[in-house]
Amino acid sequence: MESDIATEMAAVRPERVVLAPGIDVARRVTGAAATVVVLLVGLLLAFIAWNGIALFRHSGVPILEVFAPVWQPDPTSGETTYGLLPFILGTLGVVSVAAALAAPLSLGLALFMAEVAPPWARRVMQPAMEVFVGIPSVVYGWLGLTVLVPFLAANGKWAGFTSGFSWFAGSLVLALMILPTVSSVAYDSFRAVPPDLRTASLALGTTRWQTIRHLLLPASGAGIVTAIVLGMMRAAGEALAVQMVIGNRPLIPRSLFQPVTTLTAQITLDMGNTVAGETWNEALWTMGLVLVTMSFAAVVLVRLLTRRAGPR
Amino acid sequence: MPVITRRLALIAAVLAMTVTGCSASATPAPSAGPTADPNAGPRCVEGSITASGSTALQPLVEAAAKQYTTACPNATVNVQGGGSGTGLTQVLQGAVQLGNSDVTAGSKLPPTDAASLVDHVIALQGWLMVNNPKVTGVTNLTRQQAIDIWTGKTTNWKDVGGPDAEIVLIIRPASSGTRSTFRKIVLQGQLEATGQALTEDSSGSVATAVENTDYATSVLAYAYYVGQKDRMVGLALNGVTASVENFANGKYVLQDYGHMYTKGQPDGLTRAFVDYMLSNDVQHKLLPSLSYAPANQ
Amino acid sequence: MRRVLLADQLATAVLWSIAGSVILILIAIIAHFLLAALPDFTPSFLIADPSTDVIGGVGPVLWNSVYVLALTMLVTVPLGVLGAVFMAEYAGTGRLIDLIRFSQELIGSVPSIVVGLFGFAVFVAATGWGFTALAGALALTVFNLPLMTRLAEQAMRAVPDDERSASFALGATKWQTIRHVVLPIAIPGLVTGVILTAGRVFGEAAALLFTAGLATPGRLNFANLNLLDPRSPWSPFHTATTLSVYLWRINSEGTGPVVDQVANLTAAVLIVAVLIFNLGSRALGQLLQRRITGTRS
């Protein structure tokens with residue numbers, strides 16, 4: 001709607017007359033467009049929070065039970081326990097290992113793009129990275145399920161794989177998915193280091209690697225952490241690709257080579273089979289709330305880091 | 001230009017309403033009672049409806065919808081998956097007209113909600129236990145053997161005549177219809193040993209998991225298994241093999257009804273489609289070809 | 001000194017090989033799907049109706065992907081660019097811009113499956129539309145809007161202040177400056193923003209499962225131009241299973257003898273679409289820049 005008004009405004013009015021009133025309207029219209037996102041966040045938050053606390057509000061489950069290590073939501077199987085610890089730990093575990101796998105590659109790639117790559121290489125890498133980002137997560141999931149999982153099952157027995165479905169498989173698929181995200185954010189933070197500093201360092205006779213190690217990396221420390229946290233955030237929210245390859249075992253994760261489960265995987269698994277209003281279903285919404293809380297915590301962390309690094 | 005486009009859209013909208021309004025009044029009022037003639041072909045009603053729910057029933061409902069809309073080009077029947085719980089929730093909320101479910105509404109919904117839904121039993125579906133091909137020498141399990149395996153009492157295939165190797169269980173999520181049916185009929189209510197088991201929710205990932213995991217065993221819908229026979233070994237239960245014939249005559253016990261729920265008595269296209277689902281066309285021609293058995297035994 | 005030089009050469013070699021291996025991984029992924037799909041590919045796959053009994057096609061789902069993409073961008077791009085104009089040119093500093101920025105970051109962090117559930121509750125159930133392309137597009141807008149706004153803002157901020165000063169010095173108003181100076185210069189950046197945003201739309205599945213639908217669509221009737229008729233493929237109210245959702249669905253519950261081939265073909269089509277989309281838009285961005293600014297990039 002706003003866009004229509006703006007285009008019409010711009011088209012209809014002779015440009016010289018626009019002056020004072022035009023400025024005001026443009027400001028107001030663009031301001032409204034920018035504020036839509038605030039409204040959306042408010043709505044989304046209210047929605048998730050309201051549904052997420054139904055477990056306590058409506059079904060009277062004690063809040064602390066959420067931190068229990070046992071997930072037994074089925075009322076037909078005896079005593080129920082809505083412990084979300086296996087999922088929380090699973091999510092953290094799968095995501096951390098993914099970040100550990102992706103970080104060296106991504107940072108290397110970002111350094112390459114920022115410091116080493118000749119123009120032609122940059123011209124190749126940039127669109128390649130965009131294609132990488134564009135590959136749909138279901139495609140990664142399908143690849144994981146049909147190639148990675150059978151491969152690990154057939155060749156990984158010595159490491160302790162019983163089936164290929166595992167924490168490791170999930171982390172590997174996620175690492176591939178977040179690689180472009182992490183490297184592009186890290187790249188930005190490397191570029192943000194003033195070129196003067198770099199020139200000064202090189203003028204002192206240091207090699208490129210010395211400049212990178214002693215100047216660039218320390219100067220963009222906060223940016224690097226931000227890149228990794230943002231990558232982990234994206235990984236934590238990924239549902240379908242992960243669920244296809246991790247085996248979904250709702251227990252506290254113990255081995256990298258055994259099945260685990262995550263918040264998103266359990267939501268996809270059970271949401272369709274439970275009905276709205278059922279305690280079991282409410283527990284899934286609580287998982288959603290936990291997930292959103294975790295991402296919001298990450299956002300706040302990133303903000304603190306960026307602030308410490310000084311205003312950009 | 002935007003003004004003109006908007007005006008055009010408005011005209012189109014008004015036209016649309018008049019057109020659909022006219023045709024709606026031209027169609028005979030939906031009056032078919034619950035006992036439609038099963039031998040009649042599809043009764044065409046114009047419109048668009050959506051069914052959602054059970055993924056086990058989805059191929060069946062999809063195939064029926066395709067036949068119906070081929071015969072009646074003015075009707076659209078969308079068939080969604082999503083799971084039995086989704087189907088029940090959405091038909092209750094009015095988001096869809098038909099909710100497909102492997103389990104009864106009464107077992108999932110509170111009594112007042114369940115009472116507002118009308119159950120149409122559309123098929124008899126079967127499941128079977130399947131093994132990884134490395135488990136040689138096991139083609140049949142008695143119910144007691146199955147109970148021992150799934151509750152964790154038997155942990156090695158050699159105890160049931162197979163090779164000396166540990167059994168890997170691949171189970172469904174606790175909420176799934178397959179798992180609750182299996183527990184009810186085969187395990188007689190006893191709990192599965194979930195400790196070391198893998199959980200896979202869709203038939204596709206179960207099939208992949210069974211195929212690729214040495215000495216694994218799981219449970220699959222028969223209609224799904226039929227197309228994937230060469231990837232795994234299907235087991236007989238108590239000496240009876242799974243087949244449409246054995247579902248229909250009741251000899252093979254791991255089977256249950258598939259339900260299609262409507263909110264209140266259906267009318268219009270919804271009614272016509274439910275009638276079509278129950279017609280001989282679907283029940284005695286389509287169902288067996290898709291490896292389901294007719295509901296009206 | 002020699003050790004220092006050696007370290008430098010070693011580091012350079014490592015960085016080159018990292019870049020090389022990432023490109024190799026990308027090529028391997030693309031090649032894997034293209035090779036897997038090649039033997040079964042015929043051009044008719046792009047337009048035929050879906051089927052997994054024989055190799056069908058992805059005609060309707062491809063259409064739906066493009067349609068949902070267009071609909072999403074129709075909402076996202078104007079809203080995002082306008083918002084970005086405010087952020088980059090008007091807002092300055094203060095509480096409001098802080099709040100907006102914080103909100104963008106928050107919403108960008110919400111997992112897509114949660115957005116899907118939100119979209120279901122608001123755009124599917126509360127509006128009573130059912131599963132529609134419009135509901136899918138709105139759900140996608142929720143998380144694409146902040147991305148689009150942020151990228152557009154970056155593109156505008158990258159325009160040197162000298163350009164603005166020059167424009168003001170010629171007596172142009174702020175709005176004239178934005179329209180005729182800042183936006184044209186920012187176009188390549190804006191196009192990159194559109195690509196990245198669109199790429200996410202094309203690949204998204206989790207948020208669409210519960211909003212645009214999970215049905216296997218039948219034949220599309222393009223002659224039906226009624227925008228309010230849910231049976232018309234032109235209507236925002238038609239159920240729109242997209243390519244990614246279709247891939248997810250056949251992978252999880254697809255039955256029939258050729259499921260794997262169809263899944264590989266679908267994945268290949270998705271990847272090729274992403275390739276065409278990215279490289280095409282990039283070329284377009286450069287062309288536009290040359291046209292508008294009369295410079296070579």
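Just so it is clear, the values below take in all heavy atoms, side chains as well, and ignore hydrogens, waters and symmetry mates.
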Fill in: CD (A:Glu79) with more than 12 external heavy atoms under 6.0 Å
no

Worksheet item: Do side-chain atoms of B:Thr89 reach the backbone of A:Ala276 as a donor and acceptor pair under 3.5 angstrom?
Response: yes

Discussion item. I need the B:Ser175 OG to A:Glu278 CD distance, nearest 0.5 Å.
Written reply: 8.5 Å

Discussion item. Looking at A:Phe47, I want to see if its CZ is surrounded by more than 12 non-hydrogen atoms of other residues, nucleotides or ligands under 6.0 Å.
Written reply: yes

Worksheet item: Can you find a pair of side-chain heavy atoms, one from B:Asp214 and one from A:Lys157, that are under 4.5 Å apart?
Response: yes

Worksheet, complete the sentence: Ranking B:Thr213, B:Ile170, B:Ile171 by heavy-atom pairs under 4.5 Å to chain A gives rank one to B:Thr213

Practice prompt. Check whether any side-chain heavy atom of A:Leu269 lies under 4.5 Å from a side-chain heavy atom of B:Thr199, and answer yes or no.
Written response: yes

Response to the item:
Checked A:Leu152, A:Thr146, A:Leu145 vs chain B; the most non-hydrogen pairs under 4.5 Å come from A:Leu145

Item to complete: Can you measure from OG (B:Ser180) to CG (A:Asn273) and round to the nearest 0.5 angstrom?
Response: 9.0 Å

Response to the item:
Taken in chain and number order and not counting sequence neighbours, the residues that satisfy salt bridge (charged side-chain N to carboxylate O under 4.0 Å, His left out) with B:Arg179 are B:Glu192

Worksheet item: If you look at every heavy atom in A:Val275 and B:Leu88, which pair is closest and at what distance?
Response: CG1-CB, 3.9 Å

Worksheet, complete the sentence: In short, A:Gln243 meets B:Glu200 closest at the heavy-atom pair O-OE1, 4.4 Å

Item to complete: Determine the minimum heavy-atom distance between B:Asn212 and A:Pro150, stating which atoms define it.
Response: ND2-CG, 3.5 Å

Discussion item. Does any backbone or side-chain atom of B:Ala209 lie under 4.5 Å from a heavy atom of chain A? Answer side chain, backbone, both or neither.
Written reply: both

Discussion item. Under 4.5 Å from any heavy atom of chain A, what part of B:Arg183 do you find: side chain, backbone, both or neither?
Written reply: side chain

Worksheet item: Is any side-chain heavy atom of A:Ser163 closer than 4.5 Å to a side-chain heavy atom of B:Leu198?
Response: yes

Discussion item. Are more than 12 heavy atoms, taken from residues, nucleotides or ligands other than B:Gln190, located less than 6.0 Å from that residue's CD atom?
Written reply: yes

Practice prompt. Check whether A:Asp270 gets within reach of chain B through its side chain, its backbone, both or neither, counting any heavy atom under 4.5 Å.
Written response: both

